[in-house]
Amino acid sequence: MPLIKLDMIKGREKEEIKSILDITYNVMLDAFQAPKGDKYLIVNQHEDYEMEILDTGLGIERTDDVIVFTIVSRPRTKEQKTTFYKNLVNTLHEKVGIRKEDIMISLVENTDENWSFFNGEAQFLTGDL
């Protein structure tokens with residue numbers, strides 16, 4: 001049930017975005033052992049002047065192909081997180097040609113009580129999930 005948000009600069013083709021979403025979903029399923037059907041991906045596209053993603057002093061340069069991934073998820077092990085980060089970056093680089101330096105990932109942890117999928121109910125807490 002991770003919720004994955006992608007922020008990117010406008011200009012990518014529909015097919016490329018679809019590939020990025022499919023890759024992200026498949027890598028997430030594998031790394032987090034999430035059940036199929038837990039597919040919650042949202043793309044936000046911005047004008048180039050609306051995103052400033054610098055290098056935090058690491059000496060890398062970003063291009064307009066930069067993508068920022070924000071994942072809201074249950075707590076994951078360090079191994080699951082590092083596997084997800086590495087596999088996502090490598091697969092997007094190999095299959096879509098996105099530079100590894102242009103992929104930034106932030107995982108925000110929450111717990112089951114922080115989710116309501118519909119009807120204003122906490123499905124994890126009511127036992128529906």
Side-chain angles (χ1 to χ4, degrees):
M1 60 77 225
L3 171 62
I4 303 176
K5 296 184 177 186
L6 295 79
D7 289 279
M8 61 183 69
I9 294 172
K10 290 180 183 177
R12 284 188 160 89
E13 297 293 325
K14 179 180 176 179
E15 296 77 23
E16 182 180 5
I17 293 172
K18 179 71 173 124
S19 292
I20 292 167
L21 292 175
D22 289 344
I23 289 166
T24 302
Y25 176 65
N26 289 321
V27 168
M28 180 277 299
L29 285 178
D30 184 55
F32 296 163
Q33 291 85 48
K36 288 190 184 242
D38 275 8
K39 193 171 191 177
Y40 305 100
L41 297 125
I42 301 169
V43 172
N44 293 301
Q45 296 188 65
H46 305 273
E47 299 295 337
D48 61 353
Y49 59 87
E50 294 178 323
M51 289 182 64
E52 292 186 4
I53 311 301
L54 301 181
D55 70 349
T56 315
L58 296 171
I60 59 167
E61 290 194 28
R62 310 268 192 198
T63 71
D64 284 347
D65 286 336
V66 67
I67 303 175
V68 177
F69 291 81
T70 305
I71 298 99
V72 180
S73 175
R74 289 178 167 149
R76 304 293 174 175
T77 67
K78 287 181 183 178
E79 182 180 328
Q80 287 175 314
K81 292 174 189 178
T82 56
T83 296
F84 175 78
Y85 303 154
K86 183 64 95 180
N87 290 349
L88 181 62
V89 168
N90 286 340
T91 307
L92 287 172
H93 178 70
E94 291 166 11
K95 295 193 175 185
V96 186
I98 300 170
R99 294 173 61 242
K100 295 179 181 184
E101 298 88 348
D102 280 331
I103 299 171
M104 181 176 157
I105 305 166
S106 176
L107 194 145
V108 181
E109 294 181 345
N110 69 1
T111 59
D112 290 351
E113 66 192 41
N114 301 112
W115 293 92
S116 174
F117 291 90
F118 63 94
N119 284 346
E121 299 171 9
Q123 285 79 14
F124 284 119
L125 300 180
T126 62
D128 292 332
L129 286 175

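Computed over heavy atoms, backbone and side chain alike; hydrogens, waters and symmetry mates excluded. None of these values were measured; they are calculated from a predicted model.
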Exercise. Of all the heavy-atom pairs spanning Asn90 and Lys100, show the shortest one and how long it is.
Key: OD1-NZ, 2.9 Å

Quiz item: In terms of hydrophobic clusters joined by side-chain contacts under 4.5 Å, are Leu58 and Ile67 together?
Solution: no

Practice problem: Find the distance between CE (Met8) and CG (Asp64) and round it off to the nearest 0.5 Å. | Solution: 13.0 Å

Self-check item: Least distance between heavy atoms, Ala31 atom then Thr83 atom
Solution: CB-CG2, 4.2 Å

Quiz item: Do you reckon Phe69 sits in the same ILVMFWY cluster as Val96, going by side-chain contacts under 4.5 Å, direct or chained?
Solution: yes

Quiz item: Is the count of non-hydrogen atoms from other residues, nucleotides or ligands lying under 6.0 Å from Glu47 atom CD greater than 12?
Solution: yes

Quiz prompt | Derivation and outcome, side chain to side chain contact (heavy atoms under 4.5 Å, CB included), residues Met28 and Leu41 | solution = CA-CA 11 Å; Met28 180 277 299; Leu41 297 125; over 6 Å; no

Practice problem: Give, for atom CD1 of Ile53 and atom CG of Asp102, the distance between the pair rounded to the nearest 0.5 Å. | Solution: 10.5 Å

Practice problem: Verify the neighbour count for atom NZ of Lys81: are there more than 12 heavy atoms of other residues, nucleotides or ligands below 6.0 Å? | Solution: yes

Practice problem: Assign the ring pair Phe117 / Tyr40 to parallel, tilted or perpendicular, where the plane angle (0 to 90°) is split at 30° and 60°. | Solution: tilted

Quiz item: Can you name the one residue among Asp112, Thr111, Asn110 that meets side-chain hydrogen bond (donor to acceptor under 3.5 Å, both in side chains) with Arg74?
Solution: Asp112

Exercise. Using the side chain to side chain contact (heavy atoms under 4.5 Å, CB included) rule, take Leu6 and Leu21 through it: C-alpha gap first, then chi angles, then the decisive distance, then the call.
Key: CA-CA 9 Å; Leu6 295 79; Leu21 292 175; 3.9 Å; yes

Practice problem: Supply the atom-to-atom distance Thr56 OG1 to Met104 CE, rounded to the nearest 0.5 angstrom. | Solution: 6.5 Å

Quiz item: Same cluster or not: are Leu88 and Leu3 linked, directly or through other Ile, Leu, Val, Met, Phe, Trp or Tyr residues, by side-chain heavy atoms under 4.5 angstrom apart?
Solution: no

Quiz item: Any chance CD of Glu52 has more than 12 other-residue heavy atoms, nucleotides or ligands included, within less than 6.0 Å?
Solution: no

Exercise. Go through the steps for Glu109 and Ser73 under the test side chain to side chain contact (heavy atoms under 4.5 Å, CB included), then give the verdict.
Key: CA-CA 5 Å; Glu109 294 181 345; Ser73 175; over 6 Å; no

Quiz item: Are Leu107 and Val43 joined in one hydrophobic group, where the rule is that I, L, V, M, F, W and Y side chains link up if heavy atoms are under 4.5 Å apart?
Solution: yes

Practice problem: Keeping to residues at least two apart or across chains, list the ring-ring contact (aromatic ring centres under 6.0 Å, His included) pairs with something in residues 76-101. | Solution: Phe32-Phe84

Quiz item: CD of Glu101 to CG of Asp55: how many Å apart, nearest 0.5 Å?
Solution: 11.0 Å

Self-check item: Met51 versus Val68, closest heavy-atom pair with distance
Solution: CE-CG2, 4.1 Å

Self-check item: Presence of salt bridge, Glu61 and Arg99, under 4.0 angstrom
Solution: no

Quiz item: CD of Gln45 to CZ of Arg12: how many Å apart, nearest 0.5 Å?
Solution: 8.5 Å

Practice problem: First locate atom OG1 of Thr91, then atom CG of Asn26, and finally report the distance between them rounded to the nearest 0.5 Å. | Solution: 9.5 Å

Quiz item: Do Leu92 and Val66 belong together in a cluster built from hydrophobic side chains that touch within less than 4.5 Å?
Solution: no

